[in-house]
Each structure stands twice: as C-alpha cells, then as structure tokens.
Colleague: 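Quick one: structure below, then a few questions.
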Amino acid sequence: MTLTGHRATSLGAAAIAYSIAHAYHGLPWLAAALAIPGATAPDWLEIAWFKKGIRHSLIPHRTWTHWLLLWGALFGWALQSLQQDLWASAWLGFAVGALLHLVMDLPNPSGIRFLHPYRQRVTLNWWRGDQMVWPMVWFSWLAGALSLHWVGLINLQPPLQLQAWLFQVWDLSLQRLRS
C-alpha cells in the first residue's frame, strides 16, 4: 500500500485502538493518538535514506519492521499491561496501527513476514500496492466504526424513520415486481 493509503488507514487504526483501550480500561485517547504514527511505523522505522536516487535503509525493507509476530507480541504485552502501566495504552495504540499496516500490506505481492523476519513472506497476491488503496482505506474506516459500535461508543443503527422508509421502498419494489 502507498504512504497516503497507510496514513488514511491510520484513522481506522485510531478508532480500533480507542475501542480496545476503552474496553480494557486503558487510556483510549492515548491509544488512539499513538495508532496514527503506528500505522506508518513499519516503513519509517527502517530509517531509510536516498543516495543518488537509490533507497538505502538501516533495517532492510519488509524484514523486522514488517514481522507479524513482533507487532503481535507488542500488542499482547500492551493489552495485558493496560491496567498496571499507563504507557501500555500508548504501546497498544502503536501496535494496533502497525498491525493494521501489515494487514493492508498482505494483499500485495510483496506480502509480510509471519514466522521469521528474514524467511519467506506471506501474501494474498490480490493486487499491487498502488491498486485498491481507497477500498482498503474504506475497509479500515468501517472496521474502526464497527469497533466503536461493539464497545457501545457509537450507534450504527439507522434511525427508525430511515428504517421505516427503507421498508416502504422495499415493499413497493416487491409489489411492482409481482405486478
């Protein structure tokens, strides 16, 4: 996925991190705030620079920073530590952002590292990283909205008037089809 895509999905990551921290009695705003830089962290933690138009990095691209077990372990530790350590909310948010980054990289051919940071990558190989960016962004935002709904922070149920109108439209459509 592109940098713009990862930045846009950070809003979904922030909502998910907020929901988890809220549900487990952490500091939701801190988790949400750190999910935003966490969503791009697997790329900038490589400490990359360009020399004569060639990209170099301190950590090779898609190795340690794109390793699912590393970010999963950080998430697990932070979740377990939420009630004992105030900073665990920050680490939880950062890990949620990074995990969403990896989920967004999974469909492209480059894939992510799963069991070992230098061994074979896992990929769904559905499309290139610059394709399908905005549908994936919308997916992340929907996941964020659903997480907020599941912990009771927002209500995604349409208003009763809208539901009644939709049922009327549905009923009229069925009547026209039958006649």
Side-chain angles (χ1 to χ4, degrees), residues 1-49 55-108 110-119 121-122 129 133-156:
M1 177 173 276
T2 64
L3 178 59
T4 301
H6 285 306
R7 285 179 177 161
T9 61
S10 72
L11 298 177
I16 294 167
Y18 188 98
S19 302
I20 295 169
H22 175 80
Y24 288 90
H25 310 291
L27 298 173
W29 287 105
L30 185 58
L34 270 289
I36 293 170
T40 57
D43 289 335
W44 59 258
L45 281 174
E46 294 169 351
I47 310 172
W49 69 93
R55 184 184 187 277
H56 300 277
S57 62
L58 188 62
I59 300 170
H61 188 57
R62 291 191 184 232
T63 56
W64 289 97
T65 63
H66 283 72
W67 187 26
L68 186 63
L69 290 181
L70 175 73
W71 295 109
L74 179 61
F75 173 81
W77 170 82
L79 191 61
Q80 289 295 105
S81 304
L82 270 182
Q83 294 178 3
Q84 294 89 17
D85 184 3
L86 291 176
W87 287 105
S89 294
W91 289 112
L92 176 96
F94 200 74
V96 167
L99 287 168
L100 187 63
H101 179 110
L102 298 184
V103 167
M104 295 298 138
D105 279 350
L106 191 59
N108 68 51
S110 298
I112 61 170
R113 308 291 178 160
F114 183 67
L115 295 176
H116 191 278
Y118 287 101
R119 299 256 165 86
R121 295 177 184 166
V122 176
V133 170
W134 288 105
M136 295 294 285
V137 168
W138 284 105
F139 171 77
S140 75
W141 292 353
L142 177 62
L146 288 174
S147 71
L148 292 169
H149 174 75
W150 285 328
V151 295
L153 294 171
I154 63 171
N155 184 6
L156 292 179

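No hydrogens, no waters, no symmetry mates; every other heavy atom, side chains included, goes into these values. Keep in mind the model is a prediction, meaning the values are calculated, not measured.
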Colleague: Can you name the side-chain contact (heavy atoms from CB on, under 4.5 Å) partners of Arg55, sequence neighbours left out?
Modeller: Glu46, Ala48, Phe50, Ser57, His61

Colleague: Return yes when atom CH2 of Trp77 has more than 12 non-hydrogen atoms of other residues, nucleotides or ligands closer than 6.0 Å, and no otherwise.
Modeller: yes

Colleague: Can you give me the closest heavy-atom contact between His149 and Leu156, atom names plus distance?
Modeller: ND1-N, 3.2 Å

Colleague: What distance do Tyr118 atom OH and Thr63 atom OG1 have between them, rounded to the nearest 0.5 Å?
Modeller: 4.5 Å

Colleague: If every non-hydrogen atom of Pro28 is compared with every non-hydrogen atom of Ala21, which pair is closest and at what distance?
Modeller: CA-CB, 3.6 Å

Colleague: Please check: side-chain N/O of Ser81 versus main-chain N/O of Ala78, any donor-acceptor pairing under 3.5 Å?
Modeller: no

Colleague: Provide the full list of salt bridge (Lys or Arg N to Asp or Glu O under 4.0 Å) pairs with a residue in residues 88-105, sequence neighbours left out, each pair given once.
Modeller: Arg62-Asp105

Colleague: Output, in order, the C-alpha distance, side-chain angles, deciding distance and verdict of side-chain contact (heavy atoms from CB on, under 4.5 Å) for Leu45 and Ile59.
Modeller: CA-CA 8 Å; Leu45 281 174; Ile59 300 170; 5.5 Å; no

Colleague: Nearest 0.5 Å please: distance from the CG atom of Leu99 over to the CZ atom of Phe94.
Modeller: 11.0 Å

Colleague: Run the side-chain contact (heavy atoms from CB on, under 4.5 Å) check on Tyr18 and Leu153 step by step: do they pass?
Modeller: CA-CA 10 Å; Tyr18 188 98; Leu153 294 171; 3.4 Å; yes

Colleague: Using 30° and 60° as the class limits, which term best fits the ring planes of His56 and Trp49: parallel, tilted or perpendicular?
Modeller: parallel

Colleague: Can you name the residues that form a side-chain contact (heavy atoms from CB on, under 4.5 Å) with Leu70, not counting sequence neighbours?
Modeller: Trp67

Colleague: Where do Leu92 and Leu82 come nearest, in terms of heavy atoms and distance?
Modeller: CD2-CD1, 4.4 Å

Colleague: Identify the heavy atoms of Val133 and Gly129 that sit nearest to each other, and give their distance.
Modeller: CG2-O, 3.7 Å

Colleague: Verify the neighbour count for atom CZ of Arg7: are there more than 12 heavy atoms of other residues, nucleotides or ligands below 6.0 Å?
Modeller: no

Colleague: Nearest 0.5 Å, what's the CE-CE distance between Met104 and Met136?
Modeller: 4.0 Å

Colleague: Considering all heavy atoms of both residues, which atom of Val122 and which atom of Leu106 are nearest to each other, and what is their separation?
Modeller: O-CD1, 3.5 Å

Colleague: Taking side-chain contact (heavy atoms from CB on, under 4.5 Å) as the definition, give me every residue that meets it alongside Ile36, ordered by chain and number, with sequence neighbours left out.
Modeller: Ser10, Ala14

Colleague: Quick one: pull up NE2 in His66 and NE2 in His101 and give me the separation to the nearest 0.5 Å.
Modeller: 3.0 Å

Colleague: Who pairs with Ala143 by side-chain contact (heavy atoms from CB on, under 4.5 Å), at least two apart in sequence or on another chain?
Modeller: Ile16

Colleague: Return the CG to OG1 distance between Leu102 and Thr65, rounded to the nearest 0.5 Å.
Modeller: 8.5 Å

Colleague: Can you measure from CG (Leu34) to CH2 (Trp87) and round to the nearest 0.5 angstrom?
Modeller: 8.0 Å

Colleague: Taking all non-hydrogen atoms of both residues into account, name the closest pair between Leu100 and Thr9 and its distance.
Modeller: CD2-O, 3.3 Å

Colleague: For residues 137-148, pull every pair meeting side chain to side chain donor-acceptor pair (under 3.5 Å), keeping only residues two or more places apart or in separate chains.
Modeller: Ser19-Ser147

